[in-house]
Colleague: 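The structure is given below, and queries will be raised subsequently.
The figures that follow rest on heavy atoms only: side chains count, while hydrogens, waters and symmetry mates do not. Naming convention: chains lettered A, B, ... in sequence-line order (proteins, then strands); numbering from 1 in each chain.
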Amino acid sequence: MSAPTTERTGSGATGRGEPILQVRGLQKHFPIKGGGLIKRTVGAVQAVDGVDLDLYPGEVLGLVGESGCGKSTTGRAILNLQPATGGSVVFQGREIVGLNRKQMRPLRRDIQLVFQDPYASLNPRLPVFDIVAEPLVIHGLTKSNDELRSRVRELVETVGLNPEHTNRYPAEFSGGQRQRIGIARALALQPKVLVLDEPVSALDVSIQAGVINLLEDLKNSLGLSYLFIAHDLSVVRHISDRVAVMYLGRIIEIADRDELFDRPAHPYTQALLSAIPLPDPRRERARQRIIISGDVPSPANPPSGCRFRTRCQKFANVLTDGQREKCMTDDPALADRGAGHLNACHYAEVQSVL
Amino acid sequence: MSTPGTTGATAVSSTGTISRGRTQSLPGFDAAAPLLQVTDLNVRFPTEDGQVHAVRGVDYTLRSGEVLGIVGESGSGKSVTSLAVMGLLPSNARVTGSVRYRGQELLGQNDRSMSRIRGKGVSMIFQDPMTSLDPVYKVGAQIEETLRIHDKSLSSRAAETRAVELLELVGIPNAGDRVDSYPHEFSGGMRQRVVIAIAMANQPEVIIADEPTTALDVTVQAQILEVLQTALQETGAAMVMITHDLGVVAGIADRVLVMYAGRPVEIGSVEDIYYEPRMPYTLGLLGSLPRLDAPTRERLTPITGAPPSLVNMPPGCPFAPRCPLHIDECDAAEPPLFQVGAGHEAACIRTEQVAQAHGHAAEVFSETATDDVLVGDALPADLALGEGARDTNAGGPPPPDQTEPAADVADTGTVVSTHRGTTDGDRA
């Protein structure tokens, strides 16, 4: 079982080749409408504000961040479910931003989404067969009813469910099983890229582990690429080849998995990693925790300069006034500052926190 | 209010490390009298399908100044247990057994006399700070209410001063101004701080925290856990910490109670539970957890199947259908908690086999996985799909099952059939 693991990591880290999905300067602003009779735009919630990402074939890219950081919006904007307000998303050489629904349709075969909540993402009035068959019918991919039936059967078996149960309704399945149905539906069109938006967050750990293993196996056997959006860094470390950390609509650090977890350079990544309790009493109690104060600022009015500075330990305790000035005025770009990977902090410094 | 023993223990350690200091003083026995003693607690809810036996005989004793973690998956009865202790269950719930707070029976008391204990003797922190505060009252007023209900002689001015103090204690900046804010003006983390301030306002001896950080982001969770530690230090209270997050429990608890299907299946010191679990469920739970600190990517060992329905449960161990160590005797009767070490009990007849794993779930749980490969009936379909994957797939790793057949077949086979097990277990 270890052989495919190393091979997978290798393919993600070295033989990358051309990215299958290329995101540049992605922006999604939601207008804020003023009160009164005439609604006019008085501002914008900058949910996603300049995100750059590359997803390589056969790779799992983890996208992590706290609630409200824009990770789900990024996923949806990439799929054009919520049209981006700026930037570009190129999938296999084709620009997606600006395409209308009809133009998107052929592309949807290649990029599919798995939603977080398996209780809300499956139509409760459709039996499982119809749910999984729907994409095949819409895209006219099966020629006969027999073919449709055998294809659905195959998909349901692939995700580890009993094909005898496809005449049941979602309500008759547990959370983990429903999530498997959602995955089967996403796989129906044989996509190349899956955007997984918190696919295991709603599940209990013992069930979650099964779904994670399933996702790993599917990736290996079908050669899929995943954009894996999650807030649980333990899950992300487990499944990802590379990890991007988001804060307030931006990516603030991106690196290969072990690099990011073992040698984080951005103060936010460090705080985030150190905040996660380890299920190991001795290590957990021996850890030095970086506690950052306050909450995420409003994305309608982000701080000037570095967006993290209002909560940054380094800004508050370590930097001199002159250095702080730079944080307040100068928005740090995502660049390699000697840490061996990209981060967006003027004073980035590798510090191990686990 | 606080017990002498507790204040002593707290004073020894400094900020932040308080629970570490405690764990060391705890193993073995404690001379202090039981603060909260729960004996054979049962909760049943009548439903159309029959009685749901949500809590099936919970026993635990909370000692002064300790933190007892109660862990379990959703539906294991951990929240219902604590609501029963507080007397907060809906009136259709049938509660039997005994809950003694400092020797006094709480079950069966009327609401009026319970109200004297709630907040003062035993207080509670709920999961969702968005709904546990009253949106139409200022937070200051809500804290003052708690104070004045238990101390009628307290002047409103004194109550307000104390409210500000409490808000400062839980780390709310500008507490003097923020007492006049409404809950909606606070973020989730700030609201949870207010809830904690209310819970500790009357220096209760026991704080029951029901998933206090589940609704919060990790960075905020870290802040709240720190506030909770401060609250415990300040009040010298003991705490029951209910959570599904094994990381949170590892950091804060002295002892851990693992619940499954409405019953405790293992109880022991935090080190016993994490390093030397004796119940296969505990072991499986730890093995299914992805680790942030894992240097290599080990395959997770999920527990197949799903927890049993709590309506009309069959005899035998409720974990048996999911258990890799299942033998025929397991179905005969539900095992009681057996003593497996000092202060360590597990409800399993095969604890010796579990002991050999020394906390490494793969050693016990991989056994079933290999067994399932032999079943292997779902394999052909899976391979078919692998081949059916679109031919334009040149960039990705092309059908790996052809390049290294042995490894991949075994790999996929395991999972497919294991999850088959999932379905079957659920249907049973």
Colleague: For side chain to side chain contact (heavy atoms under 4.5 Å, CB included), just list the numbers for M190(B) and D295(A), CA-CA rounded to whole Å, side-chain angles, deciding distance to a tenth of an Å, and then say yes or no.
Modeller: CA-CA 9 Å; M190(B) 287 294 164; D295(A) 294 284; 4.2 Å; yes

Colleague: For the side chain of D217(B) and the backbone of E66(A), is there at least one donor-acceptor N/O pair under 3.5 Å apart?
Modeller: no

Colleague: Under a 4.5 Å cut-off applied to non-hydrogen side-chain atoms, are I207(A) and P302(B) in contact?
Modeller: no

Colleague: Looking at chain B, which one of G176(A), S234(A), S225(A), P281(A) has the largest number of heavy-atom pairs inside 4.5 Å, strictly under?
Modeller: P281(A)

Colleague: I'd like to know whether V270(B) forms a side chain to side chain contact (heavy atoms under 4.5 Å, CB included) with R285(A), so could you lay out the CA-CA distance, the side-chain angles of the two residues, the decisive distance to 0.1 Å, and finally the verdict.
Modeller: CA-CA 11 Å; V270(B) 68; R285(A) 282 157 209 237; 3.9 Å; yes

Colleague: Between R299(B) and D217(A) (salt bridge meaning N to carboxylate O under 4.0 Å), is one present in this structure?
Modeller: yes

Colleague: Can you confirm whether E18(A) is buried at CD, in the sense that more than 12 heavy atoms of other residues, nucleotides or ligands lie under 6.0 Å from that atom?
Modeller: no

Colleague: Relative to chain B, which of L273(A), V236(A), V235(A) shows the most heavy atom pairs under 4.5 Å?
Modeller: V235(A)

Colleague: Between the side chains of R291(B) and D280(A), is the shortest nitrogen-to-carboxylate-oxygen separation below 4.0 Å, so that they form an ion pair?
Modeller: yes

Colleague: Any non-hydrogen side-chain atom of T219(B) less than 4.5 Å from a side-chain atom of R311(A)?
Modeller: yes

Colleague: Taking all heavy atoms of D293(B) and all of L354(A), pick out the closest pair and write down the distance.
Modeller: CA-CD1, 4.5 Å

Colleague: Work out which heavy atom in S206(A) is nearest to a heavy atom in R322(B); give both atom names and the distance.
Modeller: OG-NH2, 3.2 Å

Colleague: Does any backbone or side-chain atom of Q208(A) lie under 4.5 Å from a heavy atom of chain B? Answer side chain, backbone, both or neither.
Modeller: side chain

Colleague: Output the distance between atom CG (L292(B)) and atom CG (D232(A)), rounded to the nearest 0.5 Å.
Modeller: 8.5 Å

Colleague: Please report the closest heavy-atom contact between V248(B) and P277(A), naming both atoms and the distance.
Modeller: N-CB, 3.7 Å

Colleague: Tell me, side chain or backbone of S352(A) under 4.5 Å from chain B's heavy atoms, or both, or neither?
Modeller: neither

Colleague: Does R282(A) count as lying over the ring of Y274(B), i.e. NZ or CZ under 6.0 Å from the six-ring centre, within 45 degrees of the axis?
Modeller: no

Colleague: Please classify the contact of I212(A) with chain B as side chain, backbone, both or neither, using a heavy-atom distance under 4.5 Å.
Modeller: side chain

Colleague: To check you understand the geometry: which heavy-atom pair defines the closest contact between D204(A) and E73(B), and what is its length?
Modeller: CB-OE2, 3.0 Å

Colleague: So for Y275(B), is it side chain, backbone, both, or neither that comes closer than 4.5 Å to the heavy atoms of chain A?
Modeller: side chain

Colleague: Nearest heavy-atom pair of A250(B) and E284(A): which atoms, and what distance?
Modeller: C-CG, 4.2 Å

Colleague: Any idea which heavy atoms bring E226(B) and I291(A) closest together, and the distance?
Modeller: OE2-CD1, 3.5 Å

